[in-house]
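All remarks here apply to the structure that follows.
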Amino acid sequence: MQPFTKRVVTIIQNIPEGRVMTYGQIASVAGSPRAARQVVRVLHSMSKKHQLPWHRVVNSKGKIALQDDASYHEQLLSLESEGIEVGLNGVIDLARYQYHPD
DNA sequence: GCCATGGCTAGTA
DNA sequence: GCCATGGCTAGTA
């Protein structure tokens, strides 16, 4: 696993229950501010193997990004089960739920 | 090296 | 447009 990938995995694993982070934010914290799409790739390829809380990652507007209906609902339910309020439009209040690691 | 991949995003129009 | 990876391929040594 490459350094950037490793940092991304670690960051995602450390998102607390009931909180979320955005793709771009994770990329920034990992040291590469414009590498949001790489975060997508990591999520795609390593969620299972590394038990990543993939549902705690949303886009910059705080919205669930998944298009696929089944996956969208899985994420929705996971978030709600952690006490996060999700609007009908799939939007989460970042001011309230976004996690900011030190 | 080259190229596809990908659940994005800042910043125009 | 951004950009880190993995997989594949031509083309050297």
Separation of [N] [atom2] from [X] [atom1] (nearest whole Å):
| X | N | atom1 | atom2 | value |
| --- | --- | --- | --- | --- |
| A/Lys63 | B/dG7 | NZ | C1' | 12 Å |
| A/Met46 | C/dG6 | CE | C1' | 12 Å |
| A/Trp54 | B/dG7 | CH2 | C1' | 10 Å |
| A/Gln2 | C/dG7 | CD | P | 12 Å |

| said: Please check: side-chain N/O of A/Ser47 versus main-chain N/O of A/His44, any donor-acceptor pairing under 3.5 Å? | reply: no
Counting only Watson-Crick and G-U wobble pairs with both atom distances below 3.5 Å, the stems of 3 or more consecutive pairs that include DNA chain C are B:1-6 with C:3-8
From [X] atom [atom1] to [Y] atom [atom2], the distance as rounded to the nearest 0.5 Å:
| X | Y | atom1 | atom2 | value |
| --- | --- | --- | --- | --- |
| A/Ser32 | A/Arg34 | OG | CZ | 8.0 Å |
| A/Glu80 | A/Leu76 | CD | CG | 4.0 Å |
| A/His55 | A/Ser81 | NE2 | OG | 6.5 Å |

Residues pairing under salt bridge (Lys or Arg N to Asp or Glu O under 4.0 Å) where one sits in residues 50-66 of chain A, two or more places apart or in two chains, turn out to be A/Arg56-A/Glu82
Contacts satisfying salt bridge (Lys or Arg N to Asp or Glu O under 4.0 Å) that involve residues 88-100 of chain A (not counting sequence neighbours) are A/Glu85-A/Arg96
*What integer number of Å spans the P atoms of B/dC3 and C/dG11?*
13 Å
**Item:** Pairwise C1' distance for C/dG7 and B/dG7, with rounding to whole Å
**Value:** 23 Å
Which part of the nucleic acid, if any, lies within contact of A/Ser32, taking any heavy atom under 4.0 Å across all strands shown: a base, the sugar-phosphate backbone alone, or nothing?
-> sugar-phosphate
request  = Have a look at A/Val42 and say if it touches a base, only the backbone sugar-phosphate, or nothing, with a 4.0 Å heavy-atom cut-off.
outcome  = nothing
Contacts under 3.5 angstrom, residues 3-13 of chain A side chains, donor-acceptor by atom type, not counting sequence neighbours:
from    : atom 1 : to      : atom 2 : distance (Å)
A/Arg7  : NE     : A/Ala30 : O      : 2.7
A/Arg7  : NH2    : A/Ala30 : O      : 3.2
A/Thr10 : OG1    : A/Lys6  : O      : 3.0
A/Gln13 : NE2    : A/His50 : O      : 3.4

Which of [range] have a heavy atom under 4.0 Å from DNA chain B?
| range | answer |
| --- | --- |
| residues 66-87 of chain A | A/Leu66 |
| residues 5-17 of chain A | none |
| residues 92-102 of chain A | none |

Common cluster, A/Leu77/A/Val91, ILVMFWY with side-chain heavy-atom separation under 4.5 Å
no
Just distance, no hydrogens or angles: give the donor-acceptor pairs under 3.5 Å from side chains in residues 15-27 of chain A, sequence neighbours left out.
from    : atom 1 : to      : atom 2 : distance (Å)
A/Arg19 : NE     : A/Tyr97 : O      : 3.1
A/Arg19 : NH2    : A/Gln98 : O      : 2.9
A/Thr22 : OG1    : A/Gln25 : N      : 3.1
A/Gln25 : OE1    : A/Thr22 : N      : 3.2
A/Gln25 : OE1    : A/Gln98 : NE2    : 2.7
A/Gln25 : NE2    : A/Tyr99 : O      : 2.8

Closest heavy-atom pair, A/Leu66 versus A/Tyr72, reported as atoms and distance to 0.1 Å, is O-CD1, 3.5 Å
Hits for side-chain hydrogen bond (donor to acceptor under 3.5 Å, both in side chains) against A/Gln75, two or more places apart or cross-chain, chain-then-number order -> none
Contacts of A/Asp68 meeting side-chain hydrogen bond (donor to acceptor under 3.5 Å, both in side chains) (sequence neighbours excluded), chain-then-number -> A/Ser71
Closest to the side chain of A/Arg34, out of B/dG7, C/dC2, C/dT5, is C/dC2
Task: A/Asn59/A/Ile64 under side chain to side chain contact (heavy atoms under 4.5 Å, CB included): CA gap, chis, key distance, verdict - done: CA-CA 7 Å; A/Asn59 73 20; A/Ile64 293 178; over 6 Å; no
Once base and sugar-phosphate atoms are separated, protein heavy atoms under 4.0 Å mark nucleotides 8-13 of chain B, 5' to 3', with B, S and - as BS----
